[in-house]
Protein chains: 2
Amino acid sequence: MAKYANVSVATVSRVLNGTGAVADQTKKAVLAAAQKLGYSPNLLGKNLRQKQTRVILVMLSSLANTFCSKVVHGIEKEAVKNGYNIMICATEDSRKSEETYLNFVRNKMADGIIILNSTLTEEEMKEISSAFPVVQCSEYVDTQTTPYVSIDNRAAAYDAVSCLIHSGRKKIVYIGVANDLISSRLRLEGYRKALEDNGIAFDESMLLFGNYGYRSAMRAVNNFLKKNIFFDAVFAISDRMAAGAISAVRQSGRRIPDDVSVIGFDNTDITYMFEPAISTVAQPQNEMGEAAFRMLLSRMQEEMPKNIILDHKLILRNSN
Amino acid sequence: MAKYANVSVATVSRVLNGTGAVADQTKKAVLAAAQKLGYSPNLLGKNLRQKQTRVILVMLSSLANTFCSKVVHGIEKEAVKNGYNIMICATEDSRKSEETYLNFVRNKMADGIIILNSTLTEEEMKEISSAFPVVQCSEYVDTQTTPYVSIDNRAAAYDAVSCLIHSGRKKIVYIGVANDLISSRLRLEGYRKALEDNGIAFDESMLLFGNYGYRSAMRAVNNFLKKNIFFDAVFAISDRMAAGAISAVRQSGRRIPDDVSVIGFDNTDITYMFEPAISTVAQPQNEMGEAAFRMLLSRMQEEMPKNIILDHKLILRNSN
DNA sequence: TCGTTTTCAGAAAACGTTTACATAAACGGG
DNA sequence: CCCGTTTATGTAAACGTTTTCTGAAAACGA
């Protein structure tokens with residue numbers, strides 16, 4: 001390419017990057033040559049030399065999680081605004097996969113990473129956080145070293161359950177997921193606190209568990225129904241589980257929301273497609289993504305941003 | 001690192017890659033040093049030298065499209081099996097974004113790309129296909145130069161509509177999307193052919209259009225209902241649009257499937273969560289992904305694979 | 001013991017850029 | 001006309017690897 005245009009590689013670089021002075025005539029020659037040869041500079045060389053790629057990774061466990069999609073969109077918008085590009089890595093919660101993608105940034109193929117969810121322990125998170133720029137978004141482990149943006153999951157669950165209670169419900173089933181995610185823990189805490197604050201005894205047998213999915217909740221509620229324990233409300237930590245609960249409850253002949261009130265979580269599309277439309281807790285996904293990117297940006301500039309907690313919002317539809 | 005272990009960089013490389021002979025003692029020393037320093041080789045250097053990254057890109061328009069998620073999973077599985085990693089690029093149908101991600105592979109930050117959907121024209125597809133390895137998956141433009149794996153969309157639509165006809169339906173509404181995607185075109189053709197083959201006149205006024213989403217279909221059907229044109233079935237090219245159609249039809253007091261039969265497309269989660277469960281056309285998403293990766297692999301080895309058409313399957317539930 | 005092979009490890013080139021430095025030509029002011 | 005400044009370009013180092021060559025030492029075989 002350089003030889004073809006009869007200039008040095010330095011000049012080619014200068015022309016293509018618009019850096020440094022170069023005569024109009026040679027500039028034209030270089031551009032013409034580039035055009036003719038279909039030349040396009042090798043990013044590996046460029047990034048190696050410049051010690052940056054302007055690529056950041058977004059790690060999430062599954063694409064099927066529609067909640068994440070809006071968060072990612074927020075990240076992307078802010079990234080592009082700042083001249084960065086994002087690449088999405090779906091780990092399916094595989095350790096090996098997580099390791100692989102973390103190594104991409106450890107090994108300089110990307111400048112930083114935003115983790116939406118992972119199976120990383122506090123120790124591991126600390127380790128990688130000291131090795132390269134990382135921020136957490138939505139889910140997080142609370143080390144002092146890895147900043148995060150999220151909502152107050154405890155308060156969100158508290159609000160949802162309180163809403164159920166204030167409309168007269170007293171026997172409230174909780175449908176969660178038996179994992180270690182911070183959201184699971186805090187939402188259960190919020191549920192529990194709402195009960196306590198309203199003088200309702202916490203009852204472990206009212207806790208059901210699934211895997212965020214429709215079918216798992218349906219199964220759990222069906223099993224629960226067999227026990228003939230009275231209940232008049234359900235708080236589910238995902239909308240799909242709320243939908244599953246509604247279906248199971250209905251099949252048993254009970255009416256929604258008259259007999260059983262239901263509130264879900266995340267305000268995903270299913271909430272308005274379902275009949276009845278599902279009441280839910282909305283998170284500011286876009287802002288969360290935007291904030292996450294801004295935090296990563298400052299981390300990449302060697303600053304340590306403060307954690308951010310954004311506001312959630314209870315959205316009431318027809319299931320409660 | 002090399003200095004720290006008192007060896008040359010060449011030896012470090014040999015130890016870390018297990019290539020070439022190196023004495024046990026030095027091997028240990030190098031590994032110890034790497035451990036101590038937390039050394040991890042720079043992939044930019046490595047990839048630059050080796051002229052390959054073992055990364056492939058998967059381009060899709062939106063993460064929110066749950067159909068894609070299973071395809072991507074199939075791709076990933078096959079990729080990992082072959083020592084490759086995938087990165088997902090969501091373009092949101094932005095030309096700029098598409099261009100950016102294509103440039104990643106043009107500029108050697110990735111070895112190849114699988115395009116699930118894009119706004120590329122035939123000309124553009126040809127151009128990039130001659131510049132680097134690319135295959136299309138699910139959606140495609142039919143150039144002779146860019147291989148694809150997909151289903152026979154025309155036959156799939158034909159089967160669905162025929163099924164409606166054989167159960168006695170004669171006035172069948174088509175709900176599609178007014179875009180240039182091959183699937184849109186072929187499914188409409190299949191719809192039309194099924195009518196013709198069964199002696200039913202094609203009627204342009206039975207064609208409705210939306211944007212794949214629930215609400216758009218609901219709106220379209222509501223408008224259609226106002227016209228008071230009789231119909232007894234709906235074929236929608238997405239499950240969400242099928243769901244929207246069902247809701248609209250029901251609100252008008254008609255029963256599903258007694259008064260109106262509905263069949264959707266893609267066999268997404270909504271089909272079994274919805275009441276009634278939605279009949280649909282299933283695509284072999286996993287196999288499609290796997291096939292796509294294998295095709296890309298052979299393209300990266302300078303072979304030109306043949307196009308692949310996989311089998312679809314009509315899945316009957318309670319909406320027809 | 002002497003040649004021959006094998007084992008080990010370093011030196012240096014190569015990958016494709018950017019960029020600091022050098023230098024030659026053009027220019028302008030006195 | 002001379003000298004300092006600007007402009008335009010090339011040279012070469014640097015980024016961090018892998019890999020080819022090369023050579024020294026060790027092992028081996030006769």
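Residue numbers start from 1 in every chain, and the chains themselves are labelled A, B, ... in the order their sequence lines are given, proteins ahead of strands.
Salt bridge status for B/Glu92 with A/Lys77: absent, with no side-chain N to carboxylate O gap under 4.0 Å.
In this structure, a donor-acceptor pair under 3.5 Å is present between the side chains of B/Tyr212 and B/Asn179. No side-chain donor from either of B/Asn47 and B/Thr53 sits under 3.5 Å from a side-chain acceptor of the other.
Judged by distance alone with a 3.5 Å cut-off, no donor-acceptor contact links the side chain of A/Arg49 to the base of C/dT17.
At whole-Å resolution of the value, CG in A/Asn107 and P in D/dG16 are 13 Å apart. Between the C1' atom of C/dT18 and the CG atom of A/Asn47 lies a distance of 11 Å, rounded to the nearest Å. In this structure, A/Lys46 atom NZ and D/dA14 atom C1' are separated by 17 Å, rounded to whole Å. Per the geometry, CD belonging to A/Gln52 stands 14 Å off P belonging to D/dG16, to the nearest Å. If you measure from atom NZ of B/Lys108 to atom C1' of C/dT17, you get 14 Å, rounded to the nearest angstrom. To the nearest angstrom, C1' of C/dG16 lies 12 Å from CD of A/Gln50. Separating the CG atom of A/Leu48 from the C1' atom of D/dG16 is a distance of 5 Å, rounded to the nearest angstrom. Between A/Leu43 atom CG and D/dC15 atom C1' the separation is 15 Å, expressed in whole Å.
Distances shown here put every side-chain N or O of B/Lys51 at or beyond 4.0 Å from the OP1 or OP2 atom of C/dA14.
Of the listed residues (B/Thr100, B/Asn107, B/Leu102), just one forms a side-chain contact (heavy atoms from CB on, under 4.5 Å) with B/Phe104, and that residue is B/Thr100.
Rounded to the nearest 0.5 angstrom, B/Phe293 CZ and B/Tyr84 OH are separated by 6.0 Å.
Between the side chain of B/Arg54 and the main chain of B/Asn82, a donor-acceptor pair closer than 3.5 Å is present.
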I'd like a list of close polar pairs between nucleotides 8-12 of chain C and the protein, N/O only, cut-off under 3.5 Å.
from   : atom 1 : to      : atom 2 : distance (Å)
C/dA9  : OP1    : B/Thr26 : OG1    : 2.9
C/dA9  : OP2    : B/Ala23 : N      : 2.8
C/dA9  : OP2    : B/Thr26 : OG1    : 2.7
C/dG10 : OP2    : B/Ser8  : N      : 2.7
C/dG10 : OP2    : B/Ser8  : OG     : 3.0
C/dG10 : OP2    : B/Thr11 : OG1    : 2.7
C/dG10 : N7     : B/Arg14 : NH2    : 2.7
C/dG10 : O6     : B/Arg14 : NH1    : 3.2

